[in-house]
Amino acid sequence: MKIATWNVNSVKARLETVTAWLKDAAPDVVALQEIKSTDDTFPRGAFEDLGYNCAVHGQKTYNGVAILSKRPLEDITPRLPGGSGDDHARYIEAVVTGDHGVVRIASIYAPNGNPLGTEKFPYKLAWLERLHTRAAEILSYEEPAVLMGDYNVIPTDDDCHDPLVWMNDALFQPQSKAALRRIENLGYQDAFRACDSRPHRYTFWDYQAGSWQKDHGIRIDFQILTPQALDRLKTCIIDKRVRGWDKPSDHVPVVSEIDI
DNA sequence: ATGCCGACAGGATGTCGA
């Protein structure tokens, strides 16, 4: 099963790009983030025409996540437990059945957390703590699961061009890195890192300052796998071609092949 | 550079992203 995650930075502004990529890459399951669309205005028809079922947790203007799947989506849960009063649409979970069993899928859009010194940074850390709690529950199911999306954390110096540039950014704070590590340390593995140890492989390049042309990117989009999913992982790649297409998102897809 | 680009809501330009 080909499983992908992609922060599309508005599904409506990106519809042609996204459908072109779906036709080219033909993933079985895709987790989308930053759809910037409500459930009502999500362009379901365009994806259904390509053979995808849609589970959407949308919001006007900001955030918004979805899961597209060629197989039926079951047990759809459009929320992360906890966080009373948190109305950001940043999490949706569902279960997909493949030829060799089931896989639990989560589409994750973690808060950015900038600027430091505002309430945004503690919100980010609290949100990642809620994700930690849910990740522990999912791990206890002892089943294949892929928790994927835009974590808004740069895990190591090797995941950016120049660490000094990011020193005062929420994505690179020790607390942010620790929050991601704490989730992984439950027993999850970063699928891309399990397949490719080369440094300076990025999933995001800012629209500004010629970041793409200079390859000044960051790696902040991940698929983290339970042991049962990792056992079946065949490949994981970053599809950076897409950043060079017309009207690109600032993020590119991360794509795994998992034997499910 | 508190910039640079791009999407959004709204109908100008401020907010947000990373």
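Within every chain, numbering begins at 1; the chains are lettered A, B, ... in the order of the sequence lines, protein sequences first and strands thereafter. All values below come from the heavy atoms of this structure, side chains included, with hydrogens, waters and symmetry mates left out.
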Next item on the list: Figure out the OH/P separation between A:Tyr62 and B:dG6, and round it to whole Å.
Entry: 19 Å

Notebook entry, point to check: Between B:dG17 and B:dA12, how far is it from one P atom to the other, in whole Å?
Noted result: 26 Å

Margin query: Using 0.5 Å steps for rounding, measure from the CG atom of A:Asp99 to the CG atom of A:Asp259.
Written below: 9.0 Å

Check: If Ile, Leu, Val, Met, Phe, Trp and Tyr residues are connected whenever their side-chain heavy atoms lie under 4.5 Å apart, and connections chain through other members, are A:Met148 and A:Ile183 in the same group?
Finding: no

Check: Toward the 5' end of DNA chain B, which comes first, A:Ile35 or A:Ala209, by nearest nucleotide?
Finding: A:Ala209

Next item on the list: Could you check whether A:Ile154 gets within reach of a base, just the sugar-phosphate, or nothing at all, counting any heavy atom under 4.0 Å?
Entry: nothing

Margin query: Measure CH2/A:Trp212 against P/B:dC5 and give the value in whole Å, please.
Written below: 18 Å

Checklist line | Check: A:Tyr52 side chain, A:Ile67 main-chain N or O, donor-acceptor pair, under 3.5 Å | finding: no

Note to self: Using side-chain heavy atoms (C-beta onward) and a distance below 4.5 Å, is A:Asp206 in contact with A:Asp250?
What the structure shows: no

Margin query: Regarding A:Asp250, tell me which of base, sugar-phosphate or nothing describes its non-hydrogen contacts under 4.0 Å with the strands shown.
Written below: nothing

Item checked: Under 3.5 Å donor-acceptor pair, A:Asn9 side-chain atoms to B:dA7 base atoms -> no

Next item on the list: Report the residue (A:Glu34 or A:Ala13) whose heavy-atom-nearest nucleotide on DNA chain B is the more 5′ of the two.
Entry: A:Ala13

Note to self: Could you see if A:Phe47 belongs to whatever hydrophobic cluster contains A:Ile76? Use Ile, Leu, Val, Met, Phe, Trp, Tyr and a side-chain cutoff under 4.5 Å.
What the structure shows: no

Checklist line | Note: A:Arg90-A:Asp150 ion pair, threshold 4.0 Å (strictly below) | finding: no

Check: Nearest to the side chain of A:Gln208, which nucleotide is it out of B:dC4, B:dA7, B:dA18?
Finding: B:dC4

Next item on the list: Could you check how far CZ of A:Arg243 sits from P of B:dC5, rounded to whole Å?
Entry: 13 Å

Check: What nucleic acid atoms does A:Lys247 come within less than 4.0 Å of, heavy atoms only: base, sugar-phosphate, or nothing?
Finding: sugar-phosphate

Margin query: Would you measure the distance from the C1' atom in B:dG3 across to the matching atom in B:dA9 and give it in whole Å?
Written below: 24 Å

Notebook entry, point to check: What is the nucleic acid contact for A:Tyr109, judged by heavy atoms within less than 4.0 Å: base, sugar-phosphate only, or nothing?
Noted result: sugar-phosphate

Next item on the list: Provide the distance between the two P atoms, one in B:dG6 and one in B:dG10, to the nearest whole Å.
Entry: 23 Å

Notebook entry, point to check: For A:Lys36 and B:dG10, what is the distance between atoms NZ and C1' respectively, to the nearest whole Å?
Noted result: 16 Å

Next item on the list: Return the value, rounded to whole Å, for the distance between atom CD of A:Gln33 and atom P of B:dG17.
Entry: 15 Å

Check: With a non-hydrogen cut-off below 4.0 angstrom, is A:Asn7 in contact with a base, only sugar-phosphate, or nothing?
Finding: sugar-phosphate

Notebook entry, point to check: Over how many whole Å does the gap from A:Phe204 atom CZ to B:dG6 atom P extend?
Noted result: 12 Å

Margin query: Just N and O in the side chain of A:Ser10: are any of them under 4.0 Å from OP1 or OP2 of B:dC8?
Written below: yes

Check: Do A:Tyr207 and A:Asn9 get their side chains close enough for a donor-acceptor pair, meaning under 3.5 Å?
Finding: yes

Notebook entry, point to check: Roughly how far apart, to the nearest Å, are B:dT2 and B:dG11 at atom P?
Noted result: 31 Å

Item checked: Distance below 4.0 Å between A:His251 side-chain N/O and B:dG17 OP1 or OP2 -> no

Check: Are OP1 or OP2 of B:dA7 and a side-chain N or O of A:Arg14 less than 4.0 angstrom apart?
Finding: yes

Next item on the list: Provide the distance between the two P atoms, one in B:dT15 and one in B:dA1, to the nearest whole Å.
Entry: 23 Å

Note to self: Is A:Asn112 close enough to B:dG17 that one of its side-chain N or O atoms is under 4.0 Å from OP1 or OP2 there?
What the structure shows: no

Margin query: Using whole Å, what does the distance between atom P of nucleotide B:dG3 and atom OH of A:Tyr207 come to?
Written below: 18 Å

Check: Over how many whole Å does the gap from A:Lys120 atom NZ to B:dA18 atom C1' extend?
Finding: 12 Å

Notebook entry, point to check: Considering only side-chain heavy atoms of A:Lys60, which listed nucleotide, B:dC8, B:dA9, B:dG17, is closest?
Noted result: B:dA9

